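Note that the coordinates shown come from a computational prediction; the quantities given were computed from them, not determined experimentally. All chains are named by letter (A, B, ...) in the order of the sequence lines, taking the proteins before the strands, and each is independently numbered beginning at 1. Values below: all heavy atoms of this structure, side chains included; hydrogens, waters and symmetry mates excluded.
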Amino acid sequence: MMYRWHAGYVAWLMNRISGVLITFYLVLHIWVIHHLSHGPETYKKVMDILSSKIFMFFELALIGVVLYHMMNGIRIILVDFGNAVWSHKTVFWVLMAIGIVLYVICVWELAGGFLGLIHHEASAMQIAP
Amino acid sequence: MKFELTYHKHDVVVVGAGIAGLYAALKTSAKVDTAVLSKVYPTRSHSGAAQGGCAASLGNMMEDHWEWHMYDTVRGSDFLGDQDAQELLVREAVPVMYEMEHLGVPFDRTEQGRIAQRPFGGHFGNFGKSPMMRSCYAADRTGHAQLHCLYEQCVKNEVRFYNEFYALTLIIKDGVCQGVVAWDVNGGGLHVFHAKAVHLATGGYGRCWKITSNSMANTGDGLSLVMRQGLPLEDMEFVQFHPTGVWKHGMLISEAARGEGGYLINDKGERFMENYAKAKMELAPRDVVSRAEQTEINEGRGIKGQDCVHIDLRHLGKEKIITRLPQVRELALKFVGLDMIDSPIPIQPTAHYSMGGIPVNLDTQVLRDTGKTAVPGLYASGECACVSVHGANRLGTNSTLECAVYGRIGGIKMLDYVCKHPGHDDLPEDAAEMAREEIEHLLSTAGTKSGVRPVELRDRMQETMSENVAVFRQAEDLKKQVGICQDLRQEYKKVAIDDGGIKANTDLIEAIELGHMLDYAYMIAQCALERPECRGAHWRTDHPGRNDKKWLKHTLAWLHGDEIRIEYKPVVITRFQPEERKY
Amino acid sequence: MMERIFRIFRFNPETDKEPYYDTFTIEVQDTWTILDGLNAIKWHHDGTLSYRRSCRHGICGSCAMMINGKNDLACEKQISSVKGEITVEPLKGFPVTRDLMVDQTHFFEGLRLVKPWLINHTAPPTDKERLQTPEDRKLLDGTWECILCGACTSSCPAFWDNDSFLGPAALLKAYRYICDTRDEGLDERIGILDSKVGVWRCHTIFNCVEACPKDLNPTNAIVQLRRRLIQEKL
Amino acid sequence: MRDRGIGSGGVMGWFFQRLTGIVLVPVLLVHLLTMHRYHDHGLAWEQVTNLMINPYWKALEITFLVLALYHAFNGLYALFQDYVKSSGVRLVLFSLTVLGGLVLFIVGVVTVLSIQSPGLVGTAGKVLP
Ligand SMILES: Cc1cc2nc3c(=O)[nH]c(=O)nc-3n(C[C@H](O)[C@H](O)[C@H](O)COP(=O)(O)OP(=O)(O)OC[C@H]3O[C@@H](n4cnc5c(N)ncnc54)[C@H](O)[C@@H]3O)c2cc1C
Ligand code: HEM
Ligand code: SF4
Ligand code: F3S
Ligand code: FES
């Protein structure tokens, strides 16, 4: 059954699933982060768990999901308000390519990649009071 | 098996949802309760296939007058058309075209914003002297645009649609039409429609030929409905063959392909039209070109000896084919898998349009004799009717016009009639008996292996009709065909179908349609046999030339059991006296 | 002449509990379309096979069905363009009446809801057409050609999930009138278009564009309708 | 078949889904790239609080919170509209999404506002478990 697996359908289905996943995460995230207000000790405990290898993996996967949802969301918005209704396939692949680049950057960056290494100290300086 | 009858009561019941039927329904539904029965969904009607356009002397592109349009129509009909009907047609054409625009038909436009018009075969200015742009069009989908627009207007008027209801018999009591009996194709079941007025608009009957441009629903049901009530049919021998049907399929390659300069080529690679119409070549009228093609085929110069010739557009070049003839190219690609850009396309003449039909007067009332006696409450318009505006040959773009003009008139006249008849008359007790017998008999044959399969009879009918009653006709063949039709009608009594189901039984429907086709095919053969002259589309090789002295008259034919009785009625001539038809 | 295998969805509500597939091996000619194949099967193998057809050249919209997983018009689809076994199924998303026939009552009902007729409050000139420039007429291209075959609506996942959604065909029809410069009916149609069965239920999935055998773009119509609604509402 | 009674429209929900989506693009990227640094076992408590003490960051985070919550819960409601047939159940779910969104919003705002100065715990933190 082709329509089950047609690109537009899959793109939308993934958008929907990713949307729900991120929402799920958002709820958790708000819950977890509110430990910030419980002081450094609680925060550190939570953070230690969260930055274990397994959670890091989840987080990296999540970023992929977020980026997919974002890039596809942009495509939908370009269809709705731009001219992409005539070229949605091309737009989709271009955005996906950008998404992949963004993902690589994010991973480098968040996992302590080159940008992070170079800017780490500088940024720490900047935000210091 | 015993079917429950379902009764419905409406003021007007229209059978057929093509341009004609819908226009009639549109007019009556403005004031009275109107139902439309159609064996296919309304938007699936054959009218949607009309491409070229719809004629009217609007004069949007160049000077034009209804008199000129009338002259062309009269001459086109080879003087067999009734001139009062033709005059009404061309005069009404103008307001009707405007009305269709007002209803929303998306006609193409001129720079001034008016309805655009284009030239079409057989239409001229100044009494046949100069070329004329008279066909109002919506790209190459004019019929589609008109059909959909009318359907939607009927939806707006809350016409009650009975979709996929197959009309089986008319109910006529004491000479007055009381309604119609129909079979619900999807649900199964017999329905009696009780009406003050019934309007038949069941379309053409090209399906009794093997090669035809007609849709599969064009089985001429309305004709047999009328014929089986002991009423006559008119001018059945006149059927137009279009020269460019896709080989083996029959669907139409638009006249535009020749208009743009396509060549017709035989097996020897010759442009054979040189031998038939040296001046106009491929652009000669449809009947002339069809006869030329058929001669080539008959004399063995068809491509590889087969029953086709080539239409060759390669010399036009890729550019022109793609920009000017995209639809035609696509059609060839889809149906013969050939690209016109680098390949000629096999074609053959195809049964295209039925000039004859149910005799009606100018109010679209069905006539019962050679005089002016109408059947009260029974109306007909469109291709199934014969008013007769097309006479022996119709002009392109005049038929959707006929559907619109006479469908509309029919609606208006029925409205008058219905308003004068406040109540429904009583239905006869046995209103549905004939229909019930037909259905029950056919269903009871299901699965009996001994009977004849409908397809065998249909194939034989279609093949022999294409052989014997086609572009060229002669007594010997026609006699043979009359005999074949008589045999086939006998054999039809032994027909057995596969499907005994009630719901969506299309096997049953095809068998019923076959019965109808056999009846009128028989009539066509007989009428053709009994007209020994050449007039319009009716070409008798054994009787060359038109014979106005003896044959300037309409054929009316009755079916009595297995016999056909023929009478004649005069042609109405008002403005234009018969003259030789030269192009 | 060559042999091809047709695998056809069968279901007769009168006798079958469950749908099943029937396989027919038939001789086909190289110019045949899927419809020719179905006809050959019906006429020479099994008369009980049910499907709709009429015009045979892609203008009436009767014969839309799913051929090897893709919605198409059987009468336009060349057998030679399909490789291997040919699977023929009814349009998805509509109730099956029998075999390849589906019930489109609901589909046409949806169409009626968008008021598919010209709405204009000023009386037209009595002896003339309304004027419309060729440019304005051009706006209608890509909308009025729709043959109401239902292939698009049948392919739309939003319609599968929620069959009260008007679907792409009805919305395309609404747009055909709304973008007609002769029409003044936007106000009357806003109610249904903006309703919970209207344009907002489309998720820009584009299956409808993929499915349309006439190469129309219902998604564009929906997108344009939304823009109009946003202009009106915000 | 469900009835096609004409009900509440959806123009607002639909439009704001796109609007929030578009605004979320930069906001989310900034949030991700600053807050989700995993090298060094995640952002240290001090780093976060250092950032968050800045009222602009606070504003940004609250914007993010509002947008993401609205977008996520509006998105969920879109799902319910598609899949939930009974309008009664739909109404209940609608109330739940609004309620859920509000609760999370309060939790989130409290968290953000609770960070008063680097290394200090806001008193508000104790209000919620
Ligand atoms: C390929 C092609 C191209 C053409 N191009 C042009 C053109 O460019 N210009 C032009 O003027 N003409 C053209 N014609 C001719 C024109 O299309 C037809 O003459 C015209 O459309 C006939 O319309 P109608 O309303 O009489 O019937 P149709 O449109 O054929 O409708 C018949 C209706 O009757 C119904 N019906 C039939 N039998 C029954 C029954 N037993 N019970 C219930 N319902 C029944 C059918 O369902 C259908 O709704 C063309 C014809 C063909 C074949
Ligand atoms: C980053 C930028 C984002 C963009 C551009 C974006 C865009 C969109 C768009 C356009 C839709 C509508 C899809 C449709 O109607 O079919 C949507 C739906 C949705 N989004 Fe986002 N979004 C973004 C981020 C988020 C985030 C962060 C969340 C969750 C926390 C989220 C959750 C959802 C949900 C649940 C839906 C509903 C899914 C559906 O209806 O199929 N989105 N998004
Ligand atoms: S838009 Fe295309 S697929 Fe949909 S009904 Fe019209 S012609 Fe068929
Ligand atoms: S497939 Fe359906 S969801 Fe929209 S874009 Fe087409 S209508
Ligand atoms: S039979 Fe008319 S579209 Fe296929």
Side-chain angles (χ1 to χ4, degrees), chain B residues 40-41 43-46 48-49 58 94-95 97-98 101-104 106-116 138-139 141 144-145 148-149 152-153 155-156 163 186 215-217 247-252 331 334-337 453-455 458 497-499 501-507 510, chain C residues 12-15 29-31 33 42-44 46-62 76-78 80-81 97-99 101 103-105 108 111-112 115-118 124-125 127-134 136-137 140-141 144-148 177 180 182-183:
Chain B
V40 300
Y41 266 96
T43 55
R44 321 261 185 251
S45 299
H46 184 63
L58 304 183
V94 177
M97 212 57 60
Y98 290 143
E101 191 283 329
H102 297 158
L103 292 173
F107 286 114
D108 279 36
R109 299 291 176 150
T110 66
E111 284 306 318
Q112 294 75 41
R114 311 201 60 189
I115 297 172
R141 297 185 171 89
H144 167 84
H148 280 242
C149 177
E152 290 156 2
Q153 288 291 327
V155 170
K156 176 186 177 194
N163 297 325
N186 280 316
S215 79
M216 300 187 71
W247 184 45
K248 285 189 180 167
H249 290 268
M251 63 281 279
L252 219 56
L331 193 89
K334 278 185 174 148
F335 294 105
V336 276
R453 293 174 63 93
V455 59
R458 193 176 53 220
I497 59 177
D498 283 356
D499 194 342
I502 306 297
K503 293 199 159 87
N505 186 342
T506 48
D507 201 25
E510 288 191 358
Chain C
N12 180 353
E14 287 176 74
T15 52
Q29 294 183 11
D30 42 359
T31 60
T33 63
K42 182 173 183 64
W43 295 338
H44 300 291
D46 182 356
T48 65
L49 178 64
S50 298
Y51 50 92
R52 290 194 181 90
R53 79 286 177 277
S54 185
C55 70
R56 311 166 297 143
H57 63 282
I59 187 70
C60 75
S62 300
E76 280 197 332
K77 185 91 183 155
Q78 284 280 320
S80 58
S81 73
T97 316
R98 183 168 171 184
D99 297 346
M101 291 166 75
D103 182 356
Q104 292 188 322
T105 321
F108 278 93
L111 207 71
R112 191 182 65 79
K115 305 196 180 197
W117 49 78
L118 196 75
D127 57 347
K128 230 171 93 99
E129 64 274 59
R130 282 196 186 89
L131 298 183
Q132 184 176 46
T133 64
D136 285 345
R137 166 60 183 73
L140 300 180
D141 284 345
W144 66 279
E145 298 93 331
C146 169
I147 58 173
L148 297 179
Y177 279 101
D180 193 323
R182 299 170 293 175
D183 188 90

- Is there a donor-acceptor pair under 3.5 Å between the side chain of C:His44 and the backbone N or O of B:Val455? no
- Item | Engaged part of C:Lys115 at the chain B interface, taking heavy atoms whose separation is under 4.5 Å | neither
- Can you name the closest pair of heavy atoms from C:Gln104 and B:Arg44 and give their distance? OE1-NH2, 2.9 Å
- May I ask you to decide whether B:Lys503 forms a salt bridge with C:Glu14, counting only side-chain N to carboxylate O separations under 4.0 Å? no
- Message: Quick one: does any side-chain atom of C:His57 pair with a main-chain N or O of B:Ser215 as donor and acceptor, under 3.5 Å?
- Response: no
- Message: Minimum heavy-atom separation for C:Glu129 and B:Ile115, please, with both atom names.
- Response: OE2-N, 2.9 Å
- Query: So, are C:Arg182 and B:Glu101 salt-bridged, with charged N and O less than 4.0 Å apart?
  - Reply: yes
- Item | Leading residue by heavy atom contact count with chain C [cutoff under 4.5 Å; candidates B:Gly113, B:Ala145, B:Gly250] | B:Gly113
- Query: Going by heavy atoms in the side chains, are B:Glu152 and C:Leu111 under 4.5 Å from each other?
  - Reply: no
- Query: Quick one: of B:Arg114, B:His46, B:His102, who has the most non-hydrogen atom pairs under 4.5 Å with chain C?
  - Reply: B:His102
- Note on the structure: Correct closest heavy-atom pair for B:Pro106 and C:Leu140 would be CB-CD1, 3.8 Å
- Query: Under 3.5 Å, is there a donor-acceptor pair between the side chain of B:His144 and the main chain of C:Cys146?
  - Reply: yes
